[in-house]
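Comments concern the structure below.
Convention: sequence-line order gives letters A, B, ...; per-chain numbering from 1. Keep in mind the model is a prediction, meaning the values are calculated, not measured.
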Protein chains: 2
Amino acid sequence: MATERPDLAAMLYPLVRELIALELPVLAAHDVSMWGYSVLTALDDTPVRTQAALAEAIGADKSRIIGTLDELQQAGLIERTPDPADRRARLLSITPQGRRVRRTVRKEIQAQEEQVLTSLAPADRKTFVRILQELHDAR
Amino acid sequence: MATERPDLAAMLYPLVRELIALELPVLAAHDVSMWGYSVLTALDDTPVRTQAALAEAIGADKSRIIGTLDELQQAGLIERTPDPADRRARLLSITPQGRRVRRTVRKEIQAQEEQVLTSLAPADRKTFVRILQELHDAR
DNA sequence: TATTGTTATACTCTATAACTATA
DNA sequence: TATAGTTATAGAGTATAACAATA
């Protein structure tokens with residue numbers, strides 16, 4: 001008998017692909033890239049003192065997010081001001097407009113996501129999200 | 001009130017990254033690439049009549065798996081013979097050695113995967129895998 | 001003319017390292 | 001000299017389209 005099941009990654013990977021495919025149109029409709037949305041999410045929780053710290057927080061390289069920050073700043077969604085105490089560093093924060101965009105996008109994305117779970121029984125749907133959140137919080 | 005939680009993709013993506021990071025050393029130890037392992041898994045379940053069909057089954061482009069098939073064939077893990085009835089097509093099947101490699105790799109990968117779930121209560125661990133498998137079977 | 005497999009090309013992402021400006 | 005940010009370069013992965021061989 002026994003543990004005859006696909007690998008976790010083999011099951012999770014297609015799921016992630018599907019979720020991303022659902023998110024992209026939402027993000028495009030609001031002129032935000034995936035990395036941009038990730039930045040807005042991180043900054044909505046708490047401002048950050050350096051770009052390197054932000055990059056690490058979202059699992060990116062510091063050189064990789066620069067274009068993203070340029071876009072977000074130009075769109076008025078974030079502020080990037082030199083730290084008066086150390087003008088090498090850039091103080092990063094989300095603007096009220098950025099907050100609005102982030103919340104709107106999240107609402108729409110989470111609505112889409114429910115579709116992916118429709119094949120599950122309602123109880124399982126809640127359970128899955130709960131356990132997933134525990135896994136997420138554990139890292 | 002309030003569905004205040006991270007997006008599913010935001011929680012699943014880091015999980016997948018971690019799982020892949022765990023798998024890579026196992027695969028490397030057996031000289032199989034990620035796509036190679038994916039091909040072996042697909043062919044272990046059932047042989048396939050064309051490369052295009054195999055590619056679609058594993059979510060890849062038909063041009064993308066050619067290098068992978070070359071490697072697997074040269075390593076004696078798969079067979080690729082022209083269909084006598086239609087010599088354009090290549091009949092694909094796994095060899096006994098390929099089957100052995102696939103099973104060994106899977107055993108080692110699934111052992112590693114348990115680590116990722118250690119933060120969960122044992123009951124939740126089983127529940128998570130069960131629901132995930134339902135989601136996977138539903139597509 | 002259509003289809004299978006293959007090769008070639010270009011495009012996107014990412015990682016690394018050089019560069020500048022501050023300290 | 002060390003650090004934050006930026007820019008430049010190269011590498012990997014992927015998608016697209018052209019190509020050769022069969023049908």
Applying a 4.0 Å non-hydrogen cut-off, can you work out what B:Asp61 is touching in the nucleic acid: base, sugar-phosphate, or nothing?
base
Can you measure B:Arg90 atom CZ to D:dA23 atom P for me and round it to whole angstrom units?
10 Å
Can you check whether A:Gly76's main-chain N or O pairs, donor with acceptor, with A:Thr95's side chain at less than 3.5 Å?
yes
Position toward the 5' end of DNA chain D (nearest nucleotide), A:Leu69 or A:Arg88:
A:Arg88
Could you give me the CA-CA distance, side-chain angles and deciding distance for A:Arg130 and B:Asp124, then say whether side-chain contact (heavy atoms from CB on, under 4.5 Å) is met?
CA-CA 10 Å; A:Arg130 173 184 65 76; B:Asp124 279 352; 3.2 Å; yes
Could you work out which one of D:dT6, C:dA23, D:dA17 sits closest to the side chain of B:Ser63?
D:dA17
Figure out the NZ/P separation between A:Lys62 and C:dA18, and round it to whole Å.
13 Å
For the pair made of CG in B:Asp83 and P in D:dA21, what is the distance, rounded to whole Å?
19 Å
For A:Arg106 and B:Glu4: C-alpha separation, side-chain torsions, deciding distance, then whether salt bridge (charged side-chain N to carboxylate O under 4.0 Å, His left out) applies.
CA-CA 10 Å; A:Arg106 189 175 64 171; B:Glu4 187 74 20; 3.0 Å; yes
Interatomic distance, A:Gln51 CD vs D:dT3 P [rounded to whole Å]
17 Å
Could you tell me how far apart A:Leu54 (CG) and D:dT6 (P) are, to the nearest whole angstrom?
12 Å
Donor/acceptor link under 3.5 angstrom from A:Thr50 side chain onto base of D:dT3
no
Does either side chain, that of A:Gln133 or that of B:Arg5, offer a donor lying less than 3.5 Å from an acceptor on the other one?
no
Grab the CG-P distance between B:Leu24 and D:dG13 for me, whole Å please.
10 Å
Which one, D:dG5, C:dT22, C:dT4, comes nearest to the side chain of B:Ala89?
C:dT4
Candidates D:dT16, C:dG5, D:dT6 - which lies nearest the side chain of A:Ile66
D:dT6
Quickly work out the A:Leu91 CG to D:dG5 P distance and round it to whole Å.
9 Å
OP1 or OP2 of D:dA8 sitting under 4.0 Å from any side-chain N/O of A:Arg64?
no
Please check if A:Ile66 and A:Leu54 belong to a single hydrophobic cluster, counting links between Ile, Leu, Val, Met, Phe, Trp and Tyr side chain heavy atoms closer than 4.5 Å.
no
What is the distance, to the nearest angstrom, from the CZ atom on A:Arg87 to the P atom on C:dT20?
18 Å
Ranking A:Ala60 and A:Asp86 by the position along DNA chain C of their nearest nucleotide, the one closer to 5' is A:Ala60
Between A:Trp35 and C:dT14, is there a contact of a side-chain N or O with OP1 or OP2 at under 4.0 Å?
yes
